[in-house]
J.: 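Here it is, the structure in full.
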Amino acid sequence: MSICNHVNFFSEINHNKIICLDLGNKNIGVGISDQGLKFANPLKVIKRKNFKTTTFKLISTIKDENIAGIVLGWPINMDGSEGPRCDSTRDFAHAFLRIYTIPICFHDERLSSIAADNLLKETNLKRKQKEKKLDAVAASWILQSLLDIYNNKN
């Protein structure tokens, strides 16, 4: 298995749960779909340490949640161009696939942090609690965006 486009990705996962990763420098937000691939929810935030430790935590989550595929937030610039963060995300995907075989696709993450922040403003959570959840909410927002595209085509 490898990095797929959206169409191939959904045929590879065979209607099983997927996760989305919002890769940050310090944290990785994780969002998860339901079994029916209709809804995304925040799952957790993984503190980013070295690659080996981070990968172990991700693989553990994949196995615990019976995940069939990974969506990686694709950090393209607002004008649609690819910058160094896209290179970093692509490198992460290739390195991860050398350790664990699973379908991976990229999906536009533009404005996901702003959307997540706006969603969290609507809650009664304290600022520290919001900060802890922000990356996972952003990952679920990215994933929901992809699920909406997928479900509107079927």
Side-chain angles (χ1 to χ4, degrees), residues 1-117 119 131-151 153:
M1 291 180 217
S2 61
I3 298 170
C4 313
N5 64 32
H6 294 157
V7 174
N8 291 341
F9 177 76
F10 281 103
S11 66
E12 290 273 336
I13 63 163
N14 200 26
H15 296 284
N16 290 303
K17 290 192 300 185
I18 57 178
I19 57 173
C20 179
L21 306 179
D22 183 17
L23 301 175
N25 292 329
K26 295 180 183 177
N27 297 318
I28 297 175
V30 183
I32 188 168
S33 76
D34 65 324
Q35 187 71 34
L37 299 174
K38 299 284 185 201
F39 303 105
N41 288 295
L43 181 63
K44 65 168 93 177
V45 174
I46 296 173
K47 294 284 181 201
R48 207 162 180 181
K49 296 187 179 181
N50 61 53
F51 184 75
K52 183 178 178 181
T53 302
T54 302
T55 301
F56 175 77
K57 289 178 182 179
L58 288 172
I59 292 170
S60 177
T61 299
I62 289 166
K63 290 179 179 179
D64 291 346
E65 298 290 340
N66 197 25
I67 300 301
I70 299 173
V71 177
L72 290 177
W74 190 237
I76 54 179
N77 297 320
M78 289 305 289
D79 66 1
S81 63
E82 293 181 12
R85 289 190 57 230
C86 286
D87 294 336
S88 174
T89 300
R90 189 181 298 109
D91 292 346
F92 179 91
H94 287 290
F96 188 83
L97 286 171
R98 282 194 291 274
I99 296 168
Y100 193 83
T101 303
I102 191 166
I104 293 177
C105 79
F106 301 122
H107 187 66
D108 187 351
E109 71 169 35
R110 285 180 285 186
L111 303 176
S112 61
S113 293
I114 292 168
D117 190 47
L119 285 170
E131 288 174 2
K132 288 180 181 178
K133 295 179 182 287
L134 181 65
D135 295 317
V137 172
S140 69
W141 190 88
I142 297 163
L143 182 56
Q144 188 64 56
S145 169
L146 178 60
L147 293 174
D148 289 347
I149 291 167
Y150 169 71
N151 286 305
K153 288 185 178 177

J.: Nearest 0.5 angstrom please: E65 CD to I19 CD1, how far?
T.: 8.5 Å

J.: Which heavy atom of G73 sits nearest a heavy atom of C20, and at what distance?
T.: N-SG, 4.4 Å

J.: Can a donor-acceptor pair be found, under 3.5 Å and without considering hydrogens, that links the side chain of D148 to the backbone of S145?
T.: no

J.: In terms of heavy-atom contacts, does OH of Y100 have more than 12 from other residues, nucleotides or ligands at under 6.0 Å?
T.: yes

J.: Do the side chains of W74 and R90 get nearer than 4.5 Å, heavy atoms only?
T.: yes

J.: Does the N151 side chain pair with the main chain of L37, one donor and one acceptor, at a distance under 3.5 Å?
T.: yes

J.: Please evaluate residues T61 and K44 with respect to the criterion side chain to side chain contact (heavy atoms under 4.5 Å, CB included), reporting the C-alpha separation (whole Å), side-chain torsions for both, the decisive distance (0.1 Å), and the verdict.
T.: CA-CA 10 Å; T61 299; K44 65 168 93 177; 2.8 Å; yes

J.: Within the supplied structure, the quantity of interest is the number of heavy atoms (other residues, nucleotides, ligands) at a distance under 6.0 Å from D91 CG; does it exceed 12?
T.: yes

J.: Is a side-chain N or O of K57 found less than 3.5 angstrom from the main chain of I46, in a donor-acceptor match?
T.: no

J.: Do the side chains of V30 and L21 get nearer than 4.5 Å, heavy atoms only?
T.: yes

J.: Measure across N16 and A68 and return the closest heavy-atom pair with its distance rounded to 0.1 Å.
T.: CB-CB, 3.4 Å

J.: Are K26 and R48 close enough that some pair of their side-chain heavy atoms sits under 4.5 Å apart?
T.: no

J.: May I ask you to decide if V45's main-chain N or O and D135's side chain share a donor-acceptor pair within less than 3.5 Å?
T.: no

J.: Might you work through the side chain to side chain contact (heavy atoms under 4.5 Å, CB included) test for K47 and N27, ending with a clear yes or no?
T.: CA-CA 5 Å; K47 294 284 181 201; N27 297 318; 3.2 Å; yes

J.: Quick one: closest heavy-atom pair of L143 and S33, and the distance?
T.: CD2-N, 3.5 Å

J.: Between F9 and P103, which heavy-atom pair has the shortest distance, and what is it?
T.: CE1-O, 3.5 Å

J.: Would you mind reporting whether I99 and I59 have side-chain heavy atoms less than 4.5 Å apart?
T.: yes

J.: Between the side chains of E109 and R85, is the shortest nitrogen-to-carboxylate-oxygen separation below 4.0 Å, so that they form an ion pair?
T.: yes

J.: When the ring planes of F92 and F96 are compared, do they come out parallel, tilted or perpendicular, using 30° and 60° as the limits?
T.: parallel

J.: State whether the side chain of Q144 and the backbone N or O of N41 hold a donor-acceptor pair below 3.5 Å, judged by distance alone.
T.: no

J.: Would you say D22 and W141 make side-chain contact, with heavy atoms under 4.5 Å?
T.: no

J.: Ignoring hydrogens and geometry, is there a side-chain-to-backbone donor-acceptor pair from T54 to K49 under 3.5 Å?
T.: yes

J.: Report the C-alpha distance between K17 and D34 in whole Å, list the side-chain angles of each, state the deciding distance to 0.1 Å, and finish with yes or no for side chain to side chain contact (heavy atoms under 4.5 Å, CB included).
T.: CA-CA 6 Å; K17 290 192 300 185; D34 65 324; 5.9 Å; no

J.: To check you understand the geometry: which heavy-atom pair defines the closest contact between A139 and G31, and what is its length?
T.: CB-N, 3.4 Å

J.: Are S88 and L23 side-chain neighbours, meaning at least one heavy-atom pair lies under 4.5 Å?
T.: no

J.: Answer yes or no: does atom CZ of F51 have more than 12 heavy-atom neighbours from other residues, nucleotides or ligands under 6.0 Å?
T.: yes

J.: I need the L147 CG to S140 OG distance, nearest 0.5 Å.
T.: 10.0 Å

J.: Quick check: do I3 and F106 have side-chain heavy atoms less than 4.5 Å from each other?
T.: yes

J.: So do the side chains of F10 and L146 get within less than 4.5 Å of each other, counting heavy atoms only?
T.: yes

J.: Supply the atom-to-atom distance L72 CG to C86 SG, rounded to the nearest 0.5 angstrom.
T.: 11.0 Å

J.: I need the minimum non-hydrogen distance between I18 and I67, along with the two atoms involved.
T.: CA-CG2, 4.0 Å

